[in-house]
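Okay, so here's the structure we're looking at.
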Amino acid sequence: MKVLVLNCGSSSIKYQFIDTETKIALAKGMVERIGMASAVLTHTPYGKDKIKIVGEILDHTIAIEYVIAVLLSPNHGVIKDKKEIEAVGHRVVHGGETFFKSALITDQVMQAIKDNIELAPLHNPSNIKGIRATKEHLPDIPQVAVFDTAFHVKMPPYAYLYGIPYELYRRYKIRRYGFHGTSHSYVSSRAAALIGKPIEELKIITAHLGNGCSMAAVDCGKSIDTTMGFTPLEGLLMGTRSGDIDPSVILYIMGKEGLSLSEANTLLNKHSGLIGLSGESSDMREIEEAVKEGNKKAISAHDVFCYRIKKYIGAYTAVMGGLDAVVFTGGIGENSSLVRKKSLSNLEYLGIELDDQLNENPSGETLISKSNSKVKVFRIPTNEELVIALDTEQIVKEEAVSKNLL
Ligand code: ADP
């Protein structure tokens with residue numbers, strides 16, 4: 001099936017047009033600066049050079065019209081007819097407690113996504129805009145919502161409840177949700193395939209380390225705990241986000257510095273993490289350059305980043321009662337041998353033995369632990385778009401079966 005995968009943000013849309021049979025992205029690209037006169041569309045057909053189009057793209061409806069037009073374009077396109085787009089899969093950030101799997105978009109599903117806006121005020125509205133815009137241009141094509149939260153939503157209550165009055169959980173749905181679900185799900189199932197055992201028999205810790213970072217305890221194929229929480233702010237140190245913090249620190253800073261709620265929110269989400277501690281950069285490549293130059297604040301930031309990963313490896317090994325594999329993915333997880341090495345140092349007593357040589361130069365999906373390491377360590381490139389495309393295909397086929405159309 002040929003699936004258009006859309007990740008709609010407030011001023012940008014990332015897209016991939018994927019053939020689920022070959023698992024190849026026939027084209028990928030991005031529309032940026034939506035709402036401005038100088039919006040930019042970059043588009044790369046498979047095996048060809050990237051092209052760039054600059055023009056006025058005032059809203060998501062026009063942006064998606066451009067995406068469809070470039071897919072159809074005689075010079076840069078990959079299809080001849082709109083009908084070749086068989087389904088559209090949308091990344092939807094927050095499915096709340098409603099969605100534990102992907103869903104065919106119906107009026108009811110749209111309403112449920114709207115009901116979850118309060119939980120993801122920055123993301124769900126843009127996802128809704130993208131779904132509506134797609135419906136305008138492709139009214140007869142099935143659309144599927146694939147949720148970042150769905151993989152985690154069935155974790156046990158003792159992992160998702162916060163120690164606040166229960167009534168607040170009931171009233172406002174304040175609980176741990178977790179994010180990056182498609183990535184954790186994908187890399188854990190790839191690890192199981194590489195080990196050659198059913199995922200139902202394995203205890204796996206996945207570390208998705210990009211600009212946003214999270215880890216998950218995947219026990220027998222199910223996420224039983226994850227580091228991000230009610231929002232993507234909790235847990236590991238990130239590029240610009242604080243991760244775990246004593247909640248009193250926030251109140252204390254607000255009092256001392258006279259910060260409003262929105263200023264405190266900006267401080268924790270945009271000016272903390274690697275950039276906050278190092279004062280240098282939120283980008284791990286630049287942090288590691290500064291580490292090499294002996295920059296003390298960058299070294300501290302790097303140390304905190306790796307220490308938290310190690311701490312959660314210990315925690316998740318304990319809650320799963322054992323460990324078979326650790327997987328690193330995301331821009332940092334896939335590319336920083338230093339982060340992998342530091343996070344796993346001195347964990348031999350848990351059965352984790354990294355092979356320094358394999359760790360230095362992995363390519364593609366690579367086993368980077370020693371051959372006798374009890375726990376296997378993998379570097380696995382994530383592919384969230386492919387997961388969305390495959391899920392979309394499955395949901396569309398299930399729907400067709402249930403309507404007796406196949
Ligand atoms: P996003 O979460 O936005 O998808 P990515 O998964 O692309 O982000 O990850 C971006 C992060 O990966 C940045 O901090 C970047 O510095 C880091 N990164 C990319 N390549 C390397 C590398 N070779 N070494 C260390 N960090 C890297």
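Please read all numbers here as calculations on a predicted model, not as lab measurements. Indexing begins at 1, ligand by ligand and atom by atom, following the structure's order.
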Show every donor-acceptor pair shorter than 3.5 Å between a side-chain atom in residues 31-47 and any protein atom, with sequence neighbours excluded, or say none if there are none.
unit_1 : atom_1 : unit_2 : atom_2 : d
R33    : NE     : S38    : O      : 3.1
R33    : NH2    : S38    : OG     : 2.8
H43    : ND1    : Y15    : OH     : 2.6
H43    : NE2    : H76    : O      : 3.0

Side chains of [X] and [Y]: donor-acceptor distance under 3.5 Å anywhere?
X: E97; Y: Y160; result: no
X: H184; Y: S214; result: yes
X: Q111; Y: D115; result: yes

* Quick one, list the residues around ligand 1 where some non-hydrogen atom comes in under 4.0 Å, by chain and residue number. => G210, N211, G212, D283, M284, R285, E288, G330, G331, I332, N335, S336
* To do: Answer yes or no: is there an ion pair linking R190 with E365, defined by an N-O contact shorter than 4.0 Å?
  => yes
* Asked: Any donor and acceptor pair, going by atom type alone, linking the side chain of S337 with main-chain N or O of E360 inside 3.5 Å?
  -> no
